[in-house]
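Reviewing the structure listed below.
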Amino acid sequence: AQSVSQHNHHVILSEAASLELGCNYSYGGTVNLFWYVQYPGQHLQLLLKYFSGDPLVKGIKGFEAEFIKSKFSFNLRKPSVQWSDTAEYFCAVNEPAGGSYIPTFGRGTSLIVHP
Amino acid sequence: GAGVSQSPRYKVAKRGQDVALRCDPISGHVSLFWYQQALGQGPEFLTYFQNEAQLDKSGLPSDRFFAERPEGSVSTLKIQRTQQEDSAVYLCASSQRDITFDTQYFGPGTRLTVL
């Protein structure tokens, strides 16, 4: 079974600091990869996704993620965080070769950005 | 436009009671997913519908859990004889197409507390 690891459970940064959140998955075949974000009091929403092509994916609000197949990783980055980036971030993976529409989620990383 | 809605937003049940949780997906969305999210964890897959067909129910934790989507739109997740371990947030998501990398749009969730 697929597993997704988000090693940083809590991250605290000051505004303008750079951000990198780790995500590693276990499956070695073709994968679809997602980062979702949940702002306080809001629904989970998609930040960005990778399914083919350029391994560097750009999403909303200045976020990007790089798919490194050899490392089974899909880390999320932002060069300069803002207070409004305070949220819970979830990495998710599914395996399209098996026809699977079902993403496996990591346990999430709570990001707090101090103004 | 309207997003995914769920009702009730909060439900308190006594152990042994039956509960029914409703999900209204975005109009026209083919796929519908139910997830269970325990405190401090990521969403865990319960079941998946493509139109009215329940294609995967492998995540339902026991035969006390039942889901339906009879007309391919609104879905209901029913939990019979609730137990304390059923306490969690139940999330519903829908996606427009039946492809593995389609974006899922999440509802606000129903927080179930079993006393």
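Each chain gets a letter, A, B and so on, in the order the sequences are listed, and its residues count up from 1.
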Could you tell me which portion of B/Leu55 (side chain, backbone, both or neither) has an atom closer than 4.5 angstrom to a non-hydrogen atom of chain A?
neither

Is chain A contacted by the side chain of B/Tyr105, its backbone, both, or neither, given a heavy-atom distance below 4.5 Å?
neither

Interatomic distance, [X] atom [atom1] to [Y] atom [atom2] [nearest 0.5 angstrom]:
| X | Y | atom1 | atom2 | answer |
| --- | --- | --- | --- | --- |
| A/Ile102 | B/Leu46 | CD1 | CG | 10.5 Å |
| B/Leu91 | A/Gln38 | CG | CD | 7.5 Å |
| B/Gln104 | A/Phe34 | CD | CZ | 7.0 Å |
| B/Cys92 | A/His43 | SG | NE2 | 11.0 Å |

Check whether any side-chain heavy atom of A/Pro103 sits under 4.5 Å from a side-chain heavy atom of B/Phe45, and report yes or no.
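No - every pair of side-chain heavy atoms lies 4.5 Å or more apart.
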
May I ask you to test the A/Gln42-B/Phe106 pair for a side-chain heavy-atom distance under 4.5 Å?
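Side chain of A/Gln42 against side chain of B/Phe106, heavy atoms only: no contact under 4.5 Å found.
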
Do you know which two heavy atoms are closest between A/Phe90 and B/Gly42, and how far apart they sit?
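For A/Phe90 and B/Gly42, the tightest heavy-atom pair comes out as CE2-CA, 3.5 Å.
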
Which atoms of A/Leu44 approach chain B - backbone, side chain, both or neither, heavy atom under 4.5 Å:
both

Leading residue by heavy atom contact count with chain A [cutoff under 4.5 Å; candidates B/Ser58, B/Ser95, B/Gly40]:
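It is B/Gly40.
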
Going by side chain to side chain donor-acceptor pair (under 3.5 Å), name the residues that satisfy it together with A/Thr86, two or more places apart in sequence or in a different chain.
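Side chain to side chain donor-acceptor pair (under 3.5 Å) list for A/Thr86, sorted by chain: empty.
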
